[in-house]
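Some notes on the structure that comes next.
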2 protein chains.
Amino acid sequence: MSRRRPIAAALPAEPLDPAQIAGQVIDGDCIAVMRRLPDACVDMVFADPPYNLQLAGPLHRPNNSRVAAVEDDWDKFADFAAYDAFTHAWMAEARRILKPAGTIWVIGSYHNIFRVGAALQDLEFWILNDVIWRKTNPMPNFRGRRFTNAHETLIWAARDARSRYRFNYKALKQLNDGLQMRSDWLLPICSGPERLKDDDGRKAHATQKPLALLYRVLQAASAPGDLVLDPFFGTGSTGVAAKALGRRFIGIERDPGHVALATSRIAAAPDAADPRLLGGDGFEREPRIAFGLLVETGLLAVGDALVDRTGRHRVRVRADGLVEAGRGRSQAIGSIHQMGVKASGGPSCNGWVFWHVRRPDGTLEPIDGLRQHLRAEIARGRDAAADDHDDDDGDDRMVDEAGDADLTTYPEQPVS
Amino acid sequence: MSRRRPIAAALPAEPLDPAQIAGQVIDGDCIAVMRRLPDACVDMVFADPPYNLQLAGPLHRPNNSRVAAVEDDWDKFADFAAYDAFTHAWMAEARRILKPAGTIWVIGSYHNIFRVGAALQDLEFWILNDVIWRKTNPMPNFRGRRFTNAHETLIWAARDARSRYRFNYKALKQLNDGLQMRSDWLLPICSGPERLKDDDGRKAHATQKPLALLYRVLQAASAPGDLVLDPFFGTGSTGVAAKALGRRFIGIERDPGHVALATSRIAAAPDAADPRLLGGDGFEREPRIAFGLLVETGLLAVGDALVDRTGRHRVRVRADGLVEAGRGRSQAIGSIHQMGVKASGGPSCNGWVFWHVRRPDGTLEPIDGLRQHLRAEIARGRDAAADDHDDDDGDDRMVDEAGDADLTTYPEQPVS
DNA sequence: CCGGGGACTGAATCAAAAC
DNA sequence: TGTTTTGATTCAGTCCCCG
């Protein structure tokens, strides 16, 4: 594990077991390390690649102090062609190791983000959003020659156009005070105690990203237990955020100094709180209720009439969980959704909210109300069982058998 | 002018005189039309090219109403390669007709903006900013499968890296309540009475841009009288904004219906207000004052002492407009700026704010105060002269000789 | 191309001084 | 000692223009 890199590079690349190295920072070039990982083994990739800033000379503030620039060798490329080749190479590996339902996030500025976005599209990633990180406190433009460069851009993309990716819609809506999360995020830059300093008090890394940004990324597009890979790990903000949110991670970093720093930083970082509080969506898909269950449980009886909101359309409940309309030759049979499409003429229909039962007082109640009633009953029964289980087993770790009580909240929690 | 397009295309392309066609909407393919324009003839290009949205099927809202999408043929491309070829073709022509100091603006969404940005860089445009148009009222994401796509991206680029482009810094700072204008702009989408409708009450163009966006673009990077070209003119918002701000324009549009609509819209649009109110920067560079003029006018006397803010450094005023420090062998002579650099040790120094005179009450006043005093006196003299001139010649048009009074405000107003 | 004039910064954090 | 004010420092930077 502490072999010198020249020797390691000369050896045939041994395969890496993702489960084994989860939680570690791997020292090495990200392309070489990713090559040692199997196909389709990670749920998400977060990448903060070099921006290729192409800075010319020194820049001074009006008070003559000098602006600390990114002068590291890792940000130097001969030209756009070299940058494009590098980008295609790491991105192709990232796509190979990504699960079919996985997504990738890449952050950049106008210096590189257009190369990055075009490369993603050329590799047949499917862009889902570009997200703007608006900085509350950007560096001003000192010479008054451009607009204050007050944002960076993240691209979020699925492995391909047909990917069934994860998006924790309701959790992010909650994070945004009940409104859909937008594609522009307002967050401060990384400074103060969060900003890592070296022994001389200088910043340890030129481009450390704020944890708040990574929290939001992970909350949006991963579930607890997911494996997240960061090929440009730096000081390990992705690892700290992953640890806090109960996600597993693999970090790859080329600079041994940063590897050591990130490793100790993550060791000292707080662990996940009770994973039940971290939710994938926090609002996972509710367990499915077959319409027929309403009949079986007696909430509806065979022959009961369902009507639409206007009362113009009307179907009768059947014993097989379908509904029928009309009689004789004009009779039609189908699911509540199919018959809703027929009645409404629209391209699709949620039968649960389209069809209603008439209450004794004559008012209409959507059959979704009956479904919610049934779900609540089922949940009550499961909670009782889960409480028994918790009493048996009092610690905080995830239950091994993915007990029913947690299933609703964490359907994709791996069984380790 | 009303030739049918197939015939026009078969004829040899006649050159177009930019001054002649300024203010017109040219019916035709933008690449073909730009080819007929001479090199380096326009000051700015604003382009809202097809976004290549790649929409699959129709999208419906939860209430089953259908979302009006961009379904026009002009937005259909076979693949990314076709879109890239198209983009390179029109952009190369745009660069050719752009003046060396000219800039280009291109607006797009994540569907196309990465192709656009990469093409700009490949053609050796030099990106100055990417600007985010944040929409106050974006269309929500109806399926809850992504973030609300709440922004579009504009790229602002100079013709090349060494270009001396125009940026009306102070005017935009003013627009932003005295703070530097940032790269994220919050503006409503185009709706209400501003949104053009056809006879059936449907929107006349799928992607009409708000005038406020174009006002800001033109105010930022053009001067009154500048010639602005829009190769994808649509319903002509660029023309309406240009007219209101006293800029000249050329519009190119392929769809004859849109050409007719834009032409009549612009004819009905309000004309520029008094051009003196439209400013290039509104705050053009102040006339230069030689330090020696302070001595010649008696505001300073030979031998007067100038000190820095702390009082630690001290120079004496000479008759030749230089200042000197020390005596004998250690004596140093130079401009106020050069001696400021010596005293401060910084890489540069504005002597006008570095050096101070001591007032009778003992407080320090920067010599910039004396300069402002002198400038005000000079301006008063010029205003008086200009008033005499205005009396002779009472209309509102720009004076032919670019009279001194207007020179400060509109140095680049063409005489045409 | 060189030399020189001179224009140009916002929010956050933290330390030190002032009250 | 507690509180407020002031000043210094810092942040992914493609950062001048004219003769």
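The sequence lines fix the lettering, A, B, ..., with proteins before strands; numbering per chain opens at 1.
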Less than 6.0 Å separating the ring centroids of Y165(B) and W126(B)? no

Distance-only criterion, 3.5 Å: show the donor-acceptor pairs between side-chain atoms of residues 345-356 of chain B and protein atoms not counting sequence neighbours.
from: N350(B); atom 1: OD1; to: W352(B); atom 2: N; distance (Å): 3.0
from: W355(B); atom 1: NE1; to: I336(B); atom 2: O; distance (Å): 2.9
from: H356(B); atom 1: ND1; to: V307(B); atom 2: O; distance (Å): 3.3
from: H356(B); atom 1: ND1; to: F354(B); atom 2: O; distance (Å): 3.0

Measuring to OP1 and OP2 of [N], would you say a side-chain N or O of [X] lies under 4.0 angstrom away?
X       : N      : answer
R145(A) : dC8(C) : no
H337(B) : dG6(C) : yes
R146(A) : dT9(C) : no
K170(B) : dC8(C) : yes
S335(B) : dG5(C) : yes

Within the 3.5 Å criterion, strictly below it, is a donor on [X] or [Y] matched to an acceptor on the partner's side chain?
X       : Y       : result
S335(B) : H337(B) : no
H151(A) : D130(B) : yes
R159(B) : S163(B) : no

[X] [atom1] to [N] [atom2], straight-line distance once rounded to whole Å:
X       : N       : atom1 : atom2 : result
R61(A)  : dG6(C)  : CZ    : P     : 25 Å
W352(B) : dG4(C)  : CH2   : P     : 18 Å
F291(B) : dG4(C)  : CZ    : P     : 18 Å
Q372(B) : dG6(C)  : CD    : P     : 13 Å
L186(A) : dA12(C) : CG    : C1'   : 14 Å

Of all the base pairs, Watson-Crick or G-U under 3.5 Å, which form stems of three or more consecutive pairs involving DNA chain C? C:2-5 with D:16-19, C:10-19 with D:2-11

Contacts of type side chain to side chain contact (heavy atoms under 4.5 Å, CB included), residue D43(B), not counting sequence neighbours: K99(B), D226(B), L227(B)

Partners meeting side chain to side chain contact (heavy atoms under 4.5 Å, CB included) with A150(A) (sequence neighbours left out): P138(A), T148(A), R182(B), S183(B), D184(B)

May I ask you to say what [X] touches in the nucleic acid, namely base, sugar-phosphate or nothing, with a heavy-atom cut-off under 4.0 Å?
X       : answer
P210(A) : nothing
A56(A)  : nothing
N141(A) : base
G321(B) : nothing

DNA chain C nearest-nucleotide lookup for P62(A) and G351(B): closer to the 5′ end is G351(B)

For R314(B), look at atom CZ and say whether over 12 heavy atoms of other residues, nucleotides or ligands are found less than 6.0 Å away. no

Please measure how far the C1' atom in dT14(D) lies from the corresponding atom in dG6(C), and state the result in whole Å. 23 Å

Contacted region of DNA chain D by chain B, from 5' end to 3' end of the hits, cut-off under 4.0 Å to heavy atoms, spans dT14(D) to dC18(D)

Partners passing ring pair (Phe, Tyr, Trp, His ring centres under 6.0 Å) against F142(A) (at least two apart in sequence or in another chain): none

